[in-house]
Student: 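Quick one: structure below, then a few questions.
Proteins get letters first, then strands, A, B, ... in listed order; numbering begins at 1 in each.
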Amino acid sequence: MIHNKSIVELGAGLQTGEFSSVELTHHFIQRIEQLDKDLNAFVSTTPEQALAEAESADQAIKTGQAGPLTGIPIVQKDIFCTRGVKTSCGSKMLDNFISPYDATVVEKLKRAGVVSLGKANMDEFAMGSSNETSFYGPVHNPWDKGRVPGGSSGGSAAAVAARLAVAATGTDTGGSIRQPAAFCGITGLKPTYGRISRFGMIAFASSLDQAGPMTRDAADAALMLQAMAGFDPKDSTCANQPVPDYSATLSDSLEGLKVGLPREYFGEGLDPSVAASVDAAIDLYKRLGAEVIDISLPNSGLAVPTYYVVAPAECSSNLSRFDGVRFGYRCQQPKDLEDLYKRSRGEGFGAEVKRRIMIGTYALSAGYYDAYYLKAQKTRHLISDDFKQAFKTVDVIMGPTTPTPAFGLGEKVDDPVTMYLNDIYTIATNLAGLPGVSIPIEPVSGLPVGLQIIGNYFTEAKLLNVAHRFQQETEWHRLAPEDSRLNP
Amino acid sequence: MQWETVIGLEIHTQLATKSKIFSGASIAYGADPNTQACIIDLGFPGVLPVLNEAVVDMALTFGLAINAEIGPRSVFARKNYFYPDLPKGYQISQFELPIVGMGSLTIDLEDGSQKVIGITRAHLEEDAGKSLHEDFHGMSGIDLNRTGTPLLEIVSEPDMRSIKEAVAYARKIHQLVVYLGICDGNMQEGSFRVDANLSIRPFGQEAFGTRTELKNLNSFRFMERALNFELERQIDLIEGGGKVVQETRLYDADRDETRSMRSKEEANDYRYFPDPDLLPVEINDQQLQRARQNMPELPDQKRQRFESDYSLSSTDALMLTQSRQQADFFEKVVSNGGDARMAANWVTVELTGALNKAGIPLSQSPVTPEQVGGLLRRIADNTISGKLAKQVFEAMWNGEGDADKVIEAKGLKQITDSGQIETIIDEIIANNPKQVEQFRAGKDKLLGFFVGQVMKQTQGKANPGQVNKILLGKLKG
């Protein structure tokens with residue numbers, strides 16, 4: 001079926017005229033109409049805009065001006081501002097917000113010729129690991145609708161896994177690309193902090209947020225990243241670093257690749273069957289010529305607590321602009337300014353967002369700043385130093401993306417700490433600003449499992465090469481959810 | 001009890017950039033509400049600030065001018081609080097690491113003495129918008145044009161011991177930032193705003209008293225009045241057995257009083273932390289070198305140079321260097337052929353008088369320095385007398401052209417032809433035999449009478465020196 005093809009395969013079909021982008025887009029629009037009511041992966045769909053984009057893509061293909069993404073239907077996470085289209089960030093606060101401008105990522109992908117099918121559901125303001133905090137309701141995991149797709153980019157992951165879009169954009173502050181990619185059996189790359197512009201991406205925690213591609217496989221991720229990456233003068237934290245050709249080195253040999261296995265990522269809390277699946281993947285890398293080295297990241301235990309000071313502190317300030325004054329939700333009949341603030345924010349934000357704003361406000365308060373925020377900055381340095389030390393001896397670090405496969409809907413909503421521990425293996429890379437990718441490996445009881453590969457700064461090409469070589473040898477990334485309605 | 005006044009000032013100077021500190025929107029004054037606020041100023045979801053590099057150079061220039069410590073690295077921080085005219089819910093400012101560290105400024109006091117005032121720091125920040133509480137029937141209007149306007153906040157040490165010192169310091173900072181070209185100094189438009197911290201203590205006591213902060217001092221006159229009021233209020237309060245409460249007070253110019261705005265207890269916890277959207281500002285030697293090279297001559301240096309290069313009195317030099325514009329005007333007059341002392345006199349007396357009378361600033365003077373120079377040349381070369389020069393100046397002011405044109409048109413050229421003067425004098429001597437006799441009999445004072453007659457005949461155009469000389473010769477002969 002056409003919807004099972006990757007960007008690379010579809011690009012070939014579009015070029016040879018086997019099908020047009022309009023046909024392809026129609027096909028995906030139909031699939032979304034039929035299947036998304038059970039998944040809730042989309043917050044909004046933009047079929048008319050998609051078809052118009054598909055038409056111009058077909059024109060570009062005819063006149064020989066097409067690039068590898070021209071005419072490919074994708075979905076944008078609803079955290080990216082899209083001109084003229086509702087940009088809700090999964091919140092009631094922005095349910096009425098039509099962005100007047102395009103995020104740099106959106107602009108770049110438009111220029112690359114993609115077709116945007118709509119906006120993907122997500123945890124409210126990207127705060128969550130299960131997509132259950134969304135104002136628009138939870139997203140269901142296409143592999144088992146009683147389970148979560150992961151979060152916060154849960155809609156993006158579910159849409160790609162269920163073949164409702166060929167690829168998606170996501171954002172990752174503590175694992176929000178890699179964890180849902182692992183839960184949904186797709187490939188998700190969080191690039192180095194600064195590799196992709198944050199302009200127009202609604203901020204959760206500015207020093208941690210990073211956009212990235214969510215795709216069927218590493219080759220597709222390379223094409224998406226190629227279009228998304230690069231310096232942007234509108235973002236002071238965006239790196240002015242050359243963008244390599246990510247597809248060129250995909251098939252490079254892994255002979256002599258030094259793979260570090262941090263013992264802290266294989267300890268208590270890791271599901272034994274997930275561990276077995278990861279071990280099997282590492283064995284394959286050995287066969288591909290990799291040398292495996294046991295390493296230690298001694299401060300790994302500090303990652304989750306550090307993150308839950310830094311991220312809420314930044315979010316408490318970033319979300320102050322949602323005050324009911326200029327845009328977004330405003331309470332009915334405010335009686336004075338304080339009432340306007342209290343009720344607009346009290347009614348507009350969900351519980352998890354409020355929880356983090358309160359934690360962050362507390363951490364930054366006079367008298368607590370040194371004990372929390374400043375201390376967290378110090379432990380953040382320690383965590384970065386662990387990685388610096390490790391990358392002196394290894395090329396990449398591998399481990400499980402998550403301790404378990406996807407858990408059940410509603411299972412952890414009432415226990416934030418257990419929920420937060422889901423990101424135990426992904427959070428440290430955000431704190432250090434490093435790139436990481438999650439790829440599907442052998443499933444456990446019919447549920448996808450992800451292998452995380454972490455690289456040194458700006459080594460996305462190497463990560464994609466390592467991921468692609470695995471996918472050349474395996475079929476896990478080609479598995480589609482075992483749902484008869486999804487795979488007629 | 002004798003009370004000692006202690007004052008420290010926080011001065012917000014608006015930097016004279018074209019665009020805002022973190023966006024490309026214009027900062028021109030007086031636009032329609034909310035027409036100069038882009039999505040970045042409005043704090044839309046997803047937008048990010050990008051530093052306008054021009055403000056860094058301006059801050060460095062100021063730092064060098066006050067001999068301040070300039071660290072290699074300064075950091076923007078967020079000052080968090082909610083207010084409708086603060087779109088992001090935080091103001092981007094600098095907290096722990098300001099761009100300009102400890103420096104100082106020497107002020108001149110009325111008795112001719114000088115005093116060094118410490119400047120704790122100067123930091124960059126963005127301005128907030130404006131809340132308009134009138135005209136909206138129980139609601140408030142918000143104008144965000146001013147949001148993101150670049151400010152340099154200059155914080156002094158509590159070094160001033162009188163209101164006069166505080167005013168002198170504020171004026172000197174004003175003069176300096178205008179000289180440096182980093183602020184237009186327009187106080188009515190809010191380009192230069194002063195907040196004052198004032199406390200009192202018994203003379204001889206080391207510990208400071210409790211201070212109050214006065215806001216909204218938008219002219220030097222109001223500043224002086226507000227400080228006077230506040231000083232009296234504190235003295236009355238303490239002498240009446242009360243205590244000064246640490247609070248922010250607003251000066252009401254209409255009622256000439258200060259009123260409590262908020263107490264220390266009501267003050268916000270601003271939850272400052274480094275802004276993760278902006279990189280630290282790294283200052284390298286090249287930048288400092290460039291700022292040093294672009295540094296204009298400062299008022300004190302200029303004053304000394306005027307005294308030595310132009311042999312001006314210290315009073316003239318001080319007056320001329322009050323503003324860079326006036327000093328430049330003076331130097332242009334000189335370079336256009338005017339004698340320096342004469343030029344000083346004409347600029348500080350005639351021109352300033354005319355400007356004051358017309359109520360216009362020097363920048364709008366209808367007479368150019370070239371024109372004044374041309375006039376002074378004609379005085380020097382005896383084409384016109386000093387007395388008639390005032391008439392020529394008035395004509396130039398009224399747009400009748402350069403000095404030469406006016407002199408020609410009005411026929412004001414001095415009569416220097418001795419033959420012509422002699423003829424006139426002969427005639428006068430012949431017509432006034434009685435006075436001639438009296439003069440020759442020793443009544444010297446009558447010389448004035450004869451000079452007057454000559455001037456009357458020539459409508460003041462005869463060269464006075466020649467007239468004197470010829471008259472004396474003829475009368476004595």
Student: Measure the spacing between CG of D277(B) and CG of D235(A) and express it to the nearest 0.5 Å.
Tutor: 7.5 Å

Student: Examine whether an atom of L340(A) lies under 4.5 Å from a heavy atom of chain B, and if so say whether it belongs to the side chain, the backbone or both; otherwise answer neither.
Tutor: neither

Student: Under 4.5 Å between any side-chain heavy atoms of L337(A) and Y83(B), yes or no?
Tutor: yes

Student: Taking the ring of F273(B) and the ring of Y373(A), is the distance between their centroids below 6.0 Å?
Tutor: yes

Student: To the nearest 0.5 Å, how far apart are SG in C238(A) and CG in L48(B)?
Tutor: 9.5 Å

Student: If you count every heavy atom of other residues, nucleotides or ligands that lies below 6.0 Å from N284(B) atom CG, does the total exceed 12?
Tutor: yes

Student: Counting heavy-atom pairs under 4.5 Å to chain A, which of P84(B), S140(B), P49(B), S23(B) comes out on top?
Tutor: P84(B)

Student: Tell me, yes or no, whether the heavy-atom count around M358(A) atom CE, taken from other residues, nucleotides or ligands under 6.0 Å, exceeds 12.
Tutor: no

Student: I'd like to know whether N318(A) forms a side-chain contact (heavy atoms from CB on, under 4.5 Å) with R78(B), so could you lay out the CA-CA distance, the side-chain angles of the two residues, the decisive distance to 0.1 Å, and finally the verdict.
Tutor: CA-CA 10 Å; N318(A) 282 334; R78(B) 293 184 183 179; 2.9 Å; yes

Student: Where does F97(A) contact chain B at under 4.5 Å (heavy atoms): side chain, backbone, both or neither?
Tutor: side chain

Student: With a 4.5 angstrom heavy-atom cut-off, which part of Y341(A) approaches chain B: side chain, backbone, both or neither?
Tutor: side chain

Student: Measure the spacing between OG of S320(A) and OH of Y81(B) and express it to the nearest 0.5 Å.
Tutor: 12.0 Å

Student: With a 6.0 Å cut-off (strictly less than), is the heavy-atom count around CZ of R343(A), excluding the residue itself, greater than 12?
Tutor: yes

Student: With heavy-atom distances below 4.5 Å as the criterion, would you say the side chains of L51(B) and S236(A) are in contact?
Tutor: no

Student: Could you look at S99(A) and say if it's the side chain, the backbone, both or neither that has a heavy atom under 4.5 Å from chain B?
Tutor: neither

Student: Taking the side chain as everything from C-beta on, heavy atoms only, tell me whether P274(B) gets closer than 4.5 Å to Q377(A).
Tutor: no

Student: Report the option among A205(A), G324(A), G328(A), S317(A) that has the most heavy-atom pairs separated by less than 4.5 Å from atoms of chain B.
Tutor: S317(A)

Student: Do other residues, nucleotides or ligands put more than 12 heavy atoms under 6.0 Å from the NZ atom of K92(A)?
Tutor: yes

Student: Which bit of P100(A) is near chain B, if near means a heavy-atom gap under 4.5 Å: side chain, backbone, both or neither?
Tutor: side chain

Student: Look at the side chain of D269(B) and the backbone N and O of S365(A), then say whether any donor-acceptor pair between them is shorter than 3.5 Å.
Tutor: no

Student: Donor-acceptor pair, R326(A) side chain versus P87(B) backbone, under 3.5 Å?
Tutor: yes

Student: Let me know if A363(A) has heavy atoms under 4.5 Å from chain B in its side chain, its backbone, both or neither.
Tutor: neither

Student: At what distance, to the nearest 0.5 angstrom, does OH of Y369(A) lie from OH of Y272(B)?
Tutor: 12.0 Å

Student: To the closest 0.5 Å, what do you measure between OG1 (T87(A)) and CZ (F44(B))?
Tutor: 11.0 Å

Student: What do the steps show when you test K234(A) against V47(B) for side-chain contact (heavy atoms from CB on, under 4.5 Å), and what is the final call?
Tutor: CA-CA 9 Å; K234(A) 290 183 206 154; V47(B) 299; over 6 Å; no

Student: Which of the residues L42(B), I142(B), I40(B) is involved in the greatest number of heavy-atom pairs with chain A at under 4.5 angstrom?
Tutor: L42(B)

Student: What part of A103(A) lies closer than 4.5 angstrom to a heavy atom of chain B: side chain, backbone, both or neither?
Tutor: neither

Student: Look at S207(A), S197(A), G200(A) and state which one has the largest set of heavy-atom pairs under 4.5 Å with chain B.
Tutor: G200(A)

Student: Are there more than 12 heavy atoms of other residues, nucleotides or ligands under 6.0 Å from atom OH of Y251(B)?
Tutor: yes

Student: Heavy-atom cut-off 4.5 Å, strictly under: side chain, backbone, both or neither for F80(A) against chain B?
Tutor: neither

Student: Do R321(A) side-chain atoms and P45(B) backbone N/O form a donor-acceptor pair below 3.5 Å?
Tutor: no

Student: Can you tell me if CZ on R211(B) sees more than 12 non-hydrogen neighbours from other groups inside 6.0 Å?
Tutor: no

